[in-house]
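To keep things clear, I will list the structure first and then write my remarks on it.
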Amino acid sequence: MTKIALSPIALVAGGAGFIGSHLCDRLIDDGYKVICLDNLYTGSLHNIEHLMSHPRFTFVNHDVMTPYDVPGLSLVFNLACPASPVHYQKDAVYTAKTAFLGTLNMLELARKNDCVMLQASTSEVYGNPLVHPQPETYWGNVNPIGIRSCYDEGKRIGETLCMDYHRQYGTKVKIVRIFNTYGPRMAENDGRVVSNFIVQALRDEDITVYGNGHQTRSFQYISDLIEGFMRMVETEVSITGPINLGNPEEHTVEELAETIIKLTGSHSRIVYKTLPQDDPVKRKPDYIKANKILVWKPVVDLKSGLSSTIKYFSFCHDKQYGYAENE
Ligand code: NAD
Ligand code: UDP
């Protein structure tokens with residue numbers, strides 16, 4: 001009798017979001033059955049509309065603060081959490097609860113399934129860093145009581161829970177610290193710098209630089225991040241991370257504004273607004289560990305990545321910001 005090969009099953013919590021929807025695409029392409037768990041807090045069904053009728057894709061509207069149980073999983077990805085400062089500060093208690101309870105529930109799920117769990121942590125665990133670039137060995141400089149703390153400390157306790165599950169129960173955890181990532185399917189109202197500037201430039205509106213614009217970030221294109229995720233989940237059990245995933249090309253926010261104005265041919269002008277509290281002054285990943293362990297490095301440069309993202313937003317713009325795309 002011929003044996004029918006069963007597809008491995010991956011669960012993506014936060015799968016209807018920007019990063020999550022790209023991850024679902026990749027998993028489907030790689031032959032997985034995908035369960036996408038999302039309560040659509042910041043995500044959108046538009047991001048996964050093209051997957052809805054796929055026989056190996058299931059969407060479940062679920063809040064990760066409530067436990068979820070399903071057998072037969074090979075992989076759990078925990079991405080469920082608002083990620084943009086505007087959204088995570090809107091209801092800070094919600095963010096802290098999602099970061100803690102969501103991670104706890106997804107770890108429980110991975111423990112019961114005895115499968116790998118990838119935790120989407122963040123460069124925000126370094127806070128306003130005093131070490132530059134930031135290696136994984138740096139413990140960070142986080143304000144525990146500020147307006148960013150619900151997210152920063154939420155993600156830090158998320159890492160703690162992962163490592164405690166690993167030590168106490170042998171759960172196969174993989175922590176990745178994601179640095180600023182951008183690309184198609186960022187929400188128009190997401191509030192993060194790349195989407196804000198592109199949308200403003202396409203509308204010829206003022207580009208809102210916060211502070212003097214001399215603060216730096218290192219921008220990673222979405223496809224590089226997804227490649228890092230997939231390499232990370234394939235590592236042996238002893239590799240728990242944390243591992244930084246980010247592009248080391250560092251730019252000031254002002255430079256980013258100028259680049260986007262040039263690439264869009266916009267008539268926008270730059271205006272300077274108040275710098276939000278605790279906004280990190282600089283950020284750049286040390287990615288030696290990812291390079292060594294995952295044999296990974298980012299390959300998409302800023303101009304190419306921005307051009308693809310601008311193309312996406314232009315299409316949305318033409319459709320009056322209705323659903324667009326498949327790139
Ligand atoms: P996003 O807001 O587009 O995606 C987050 C998703 O989680 C959304 O679909 C949202 O609806 C869902 N969600 C939120 N709360 C939930 C809850 N309680 N239950 C179920 N679903 C919930 O943001 P993103 O940029 O795609 O970020 C995804 C993950 O990556 C987040 O955990 C974020 O912290 C992490 N991360 C992102 C970046 C980045 O630059 N994009 C950087 C560092 C870390
Ligand atoms: N920023 C800005 N204008 C905007 C949105 C953000 O100047 O319209 C700045 C923000 O103050 C920060 C940087 O851009 O210094 C990156 O902000 P984002 O919210 O994208 O990510 P994070 O601060 O979490 O790195």
Side-chain angles (χ1 to χ4, degrees), residues 11-15 17-20 23 37-39 41-43 62-68 75-85 87-89 91-113 115-127 129 134 136-181 225 228-229 232-233 239-246 278 280 283 285 289-290:
L11 180 139
V12 182
F18 157 53
I19 296 175
L23 177 61
L37 220 60
D38 203 300
N39 69 350
Y41 186 74
T42 51
H62 179 84
D63 190 320
V64 290
M65 285 188 241
T66 305
Y68 186 78
L75 291 173
V76 172
F77 293 86
N78 181 31
L79 277 67
C81 186
S84 153
H87 292 298
Y88 73 63
Q89 287 166 22
D91 183 347
V93 175
Y94 171 93
T95 301
K97 279 172 75 180
T98 295
F100 178 78
L101 293 173
T103 305
L104 185 72
N105 288 328
M106 292 304 102
L107 279 166
E108 239 347 270
L109 183 62
R111 180 166 87 98
K112 283 187 189 157
N113 277 275
C115 73
V116 165
M117 169 161 133
L118 180 137
Q119 170 71 356
S121 190
T122 170
S123 53
E124 293 285 336
V125 299
Y126 302 121
Q134 295 82 53
E136 292 84 350
T137 45
Y138 179 47
W139 290 354
N141 178 38
V142 173
N143 174 358
I145 54 167
I147 57 170
R148 293 176 86 99
S149 323
C150 57
Y151 183 73
D152 298 9
E153 296 292 11
K155 289 289 182 176
R156 285 170 71 99
I157 191 71
E159 290 196 6
T160 308
L161 278 172
C162 287
M163 290 313 296
D164 286 339
Y165 261 70
H166 179 69
R167 282 185 288 257
Q168 251 171 271
Y169 308 121
T171 310
K172 295 166 224 163
V173 298
K174 310 279 173 196
I175 303 167
V176 289
R177 291 183 179 157
I178 305 166
F179 284 65
N180 298 67
T181 303
L225 176 69
F229 278 10
M232 184 66 176
V233 294
I239 307 294
T240 58
I243 287 189
N244 288 339
L245 291 176
D278 292 339
R283 181 181 294 154
K289 199 169 167 187

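Numbers for residues simply follow the sequence, beginning at 1.
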(request) Applying side chain to side chain contact (heavy atoms under 4.5 Å, CB included), name anything that partners Glu159, two or more places apart in sequence or on another chain. (result)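 Glu159: side chain to side chain contact (heavy atoms under 4.5 Å, CB included) contacts with Ser121, Val125, Ile175, Arg177, Pro242.
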(request) Using the test side chain to side chain contact (heavy atoms under 4.5 Å, CB included), find all partners of Ala120 that sit at least two apart in sequence or belong to another chain. (result)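 So Ala120 forms a side chain to side chain contact (heavy atoms under 4.5 Å, CB included) with Leu79, Ile178.
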Under the ring-ring contact (aromatic ring centres under 6.0 Å, His included) test, which residues partner [X], sequence neighbours left out?
X      : value
Tyr151 : Tyr88
Phe229 : none
His62  : Tyr68

(request) Could you give me the CA-CA distance, side-chain angles and deciding distance for Leu118 and Leu75, then say whether side chain to side chain contact (heavy atoms under 4.5 Å, CB included) is met? (result) CA-CA 8 Å; Leu118 180 137; Leu75 291 173; over 6 Å; no
Side chain of [X], backbone of [Y]: donor and acceptor closer than 3.5 Å?
X      : Y      : value
Asn105 : Met65  : yes
Ser149 : Asn143 : yes
Lys289 : Asn244 : no

Is there a side-chain contact between [X] and [Y] in this structure, where contact means two heavy atoms from C-beta onward sitting under 4.5 Å apart?
X      : Y      : value
Tyr165 : Leu104 : yes
Thr95  : Gln89  : no
Gln119 : Val173 : no
Phe179 : Leu225 : no
Glu124 : Arg283 : yes
Leu11  : Leu109 : yes

Which atom names give the shortest non-hydrogen contact between [X] and [Y], and what distance separates them?
X      : Y      : answer
Arg111 : Thr171 : CB-OG1, 3.9 Å
Ala290 : Ile243 : CB-CG2, 3.6 Å
Gly246 : Pro285 : C-CG, 3.5 Å
Asp38  : Gly15  : OD2-N, 3.4 Å
Ala80  : Thr98  : O-CG2, 3.3 Å
Cys150 : Ala92  : CB-O, 3.4 Å

Look up atom [atom1] in [X] and atom [atom2] in [Y], then write down how far apart they are to the nearest 0.5 Å.
X      : Y      : atom1 : atom2 : answer
Asn78  : Cys162 : CG    : SG    : 7.5 Å
Ile147 : Asp152 : CD1   : CG    : 10.0 Å
Met106 : Leu101 : CE    : CG    : 10.5 Å

Once side chain to side chain donor-acceptor pair (under 3.5 Å) is applied, do any residues pair with [X], and if so which ones, sequence neighbours excluded?
X      : answer
Tyr94  : Asn39
Lys155 : none
Gln134 : His132
Asp164 : Arg167

For [X], what residues pass the salt bridge (Lys or Arg N to Asp or Glu O under 4.0 Å) criterion, not counting sequence neighbours?
X      : value
Glu153 : Arg156
Lys97  : none
Lys172 : Asp114

(request) Name the orientation class of the two ring planes belonging to Tyr138 and Tyr126 (parallel below 30°, tilted from 30 to 60°, perpendicular beyond 60°). (result)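 Tyr138 and Tyr126: parallel rings.
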(message) The test is side chain to side chain contact (heavy atoms under 4.5 Å, CB included); show your working for Phe18 and Thr42 and say whether it passes.
(response) CA-CA 9 Å; Phe18 157 53; Thr42 51; over 6 Å; no
